[in-house]
Protein chains: 2
Amino acid sequence: MPKLIDHDAREIEVAEAAWRVLLRDGITKISVRNVAAEAGLATGSLRRSFPTQDSLLIFSLQLVQRRARDRILALEPGPTPRATAEACLMQLLPLDADRRVEMEVYHAMGSLALTSSALRPAYDQILADTRAACRVFLERLLRAGDLDAASLDLDRESAALHALVDGLALHLLAADPHDDGTHAARILSDYLDRLPGSTRA
Amino acid sequence: MPKLIDHDAREIEVAEAAWRVLLRDGITKISVRNVAAEAGLATGSLRRSFPTQDSLLIFSLQLVQRRARDRILALEPGPTPRATAEACLMQLLPLDADRRVEMEVYHAMGSLALTSSALRPAYDQILADTRAACRVFLERLLRAGDLDAASLDLDRESAALHALVDGLALHLLAADPHDDGTHAARILSDYLDRLPGSTRA
DNA sequence: TCCTTGTTTACACGGTTGTACTAACAAAGC
DNA sequence: GCTTTGTTAGTACAACCGTGTAAACAAGGA
């Protein structure tokens with residue numbers, strides 16, 4: 001037997017190399033060759049993990065989702081349900097290097113997914129999961145009595161919160177990198193304050 | 001003298017061809033060759049209007065901005081300041097074929113601009129102008145007495161409204177095309193209702 | 001008629017792309 | 001020793017890329 005490879009670990013290494021290429025060189029440079037070089041592999045070796053470029057892009061996008069989800073699930077509950085909700089939502093904003101990488105990959109793949117039937121399901125899944133997460137955050141506030149259930153359409157409010165968070169994230173990506181996210185955090189906080197029945201209105 | 005060309009009109013024709021390629025074939029296919037073919041030109045002819053690919057992309061993005069701005073400026077005032085504001089904001093959502101094209105181009109160029117120093121200024125300009133427009137919409141509501149000036153930070157509220165609109169637009173792009181935007185319109189309306197001092201709260 | 005000039009075409013250059021294929025290699029079992 | 005087998009490296013293909021150049025063309029002025 002030759003040197004054995006941990007395929008799961010290898011896939012992650014390659015995906016992270018793809019992230020770096022995407023961040024450093026842009027969406028037009030995510031070629032199999034460039035990613036392989038960044039990962040220190042020959043293209044033939046990379047093709048053992050990812051036989052096609054699409055499979056590489058899909059996995060790279062899915063890894064973004066897994067990382068974000070794991071980070072949110074690992075959060076300690078805050079002093080109040082409201083504080084917990086805000087902390088979770090902040091994980092969806094590019095407020096440090098790791099989250100910025102994830103957001104840029106998510107954003108770039110969104111552009112590709114619009115015309116790639118291979119990439120679309122993975123992208124739609126991220127949208128659906130993030131939407132579901134927003135819904136859960138709101139439900140928790142509801143149960144904690146921080147919101148008024150009667151005047152709140154949960155479907156619509158989840159979509160609204162999701163849109164606000166993604167919009168803030170998008171603008172933070174383009175903003176000058178010295179933005180520490182204080183403004184975005186305040187906007188998010190104000191938004192929650194203004195939901196009907198908010199105990200902090 | 002040979003056949004004379006209206007260069008301004010030609011630039012627009014080429015840019016719209018670039019839009020079509022981008023929409024139909026995706027961000028990876030906006031090559032000089034593909035755009036020239038879509039416009040019915042030889043690449044050499046296209047290079048007379050746009051000597052480099054960057055100049056073509058920049059103009060195509062700027063044309064998006066001009067179209068959206070012109071459409072908003074051409075709007076008739078609605079029955080109330082609030083109705084006028086909503087109508088303006090709707091122009092920034094992909095609610096028909098034309099606006100969808102503009103939004104997809106805007107979105108795609110955003111991905112490219114993150115690593116293209118040539119494209120960045122044009123993209124940043126769109127962001128700044130849209131932000132300024134959001135601010136104007138809010139100022140009008142303020143002057144009409146529909147909002148409470150004291151408890152409203154205009155900078156922050158402009159950024160928040162901008163983020164919400166761009167987030168809604170982003171999700172409408174990915175949503176199934178049968179979405180007529182009713183949900184997005186309602187979300188936008190609710191958001192304005194909840195601004196401090198709103199007369200429709 | 002020829003000339004001038006804006007326009008169009010066709011082709012060339014060096015480089016990159018996704019994917020495929022084949023030979024070399026390294027290490028464990030016999 | 002040899003074989004087996006997961007892994008790697010290298011190369012090949014046809015297609016496409018951005019850009020450059022130079023020849024062909026068409027139409028109005030002289």
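Here is the naming used below: chain letters follow the sequence lines, and residue numbers restart at 1 for every chain. Values below: all heavy atoms of this structure, side chains included; hydrogens, waters and symmetry mates excluded.
- Spacing between atom CG of B:Asp6 and atom C1' of C:dG6 amounts to 14 Å, rounded to whole angstrom units.
- The distance from atom CG of A:Asn34 to atom C1' of D:dC17 is 14 Å, rounded to the nearest whole Å.
- Atom C1' of nucleotide C:dC21 and atom CG of A:Leu46 are separated by 17 Å, given to the nearest angstrom.
- The nearest whole Å value for the distance from the CD1 atom in A:Ile27 to the C1' atom in C:dT16 is 17 Å.
- Listed nucleotides D:dA9, C:dG18, C:dC11 differ in distance to A:Ser45; the shortest reach to its side chain belongs to D:dA9.
- A straight line from CG of B:Leu41 to C1' of C:dT9 spans 11 Å, rounded to a whole angstrom.
- The shortest distance between the side-chain N/O atoms of B:His7 and the OP1/OP2 oxygens of C:dG6 is not below 4.0 Å.
- Distances were taken from every side-chain heavy atom of B:Val32 (C-beta onward) to each of D:dT7, C:dT7, D:dG18; the shortest belongs to D:dG18.
- Contact of the B:Leu172 side chain with the B:Asp179 side chain is registered, since non-hydrogen atoms from C-beta on lie closer than 4.5 Å.
- For D:dG18, its base never sits under 3.5 Å from the side chain of B:Arg47 at any donor and acceptor pair.
- Residues satisfying the side chain to side chain contact (heavy atoms under 4.5 Å, CB included) test with B:Ala17, not counting sequence neighbours, are B:Arg20, B:Val35, B:Glu38, B:Ala39.
- Comparing C:dT17, C:dT19, D:dG18 against the side chain of A:Ser31 picks out C:dT17 as the nearest.
- Atom NZ of B:Lys29 and atom C1' of C:dT17 are 12 Å apart (whole Å).
- A donor-acceptor contact under 3.5 Å links the side chain of B:Arg33 to the base of D:dG18.
- A:Tyr123 and A:Tyr106 have parallel rings, their planes meeting at less than 30° on a 0 to 90° scale where 60° marks the start of perpendicular.
- The aromatic rings of A:His162 and B:His171 lie tilted to each other, with the angle between the two planes from 30° to 60°.
- Distance check: A:Ile5 CD1 to A:Arg10 CZ gives 4.0 Å after rounding to the nearest 0.5 Å.
- Looking at the side chain of B:Arg48, the nearest of the listed nucleotides C:dT8, C:dT19, D:dT8 is C:dT8.
- When the nucleotides C:dT19, C:dT9, C:dC11 are ranked by their closest atom to the side chain of B:Ala42, C:dT9 comes out on top.
- The interatomic distance linking A:Ile5 (CD1) with C:dC25 (P) rounds to 18 Å, in whole Å.
- Atom C1' of nucleotide C:dT17 and atom CG of A:Asp54 are separated by 14 Å, given to the nearest angstrom.
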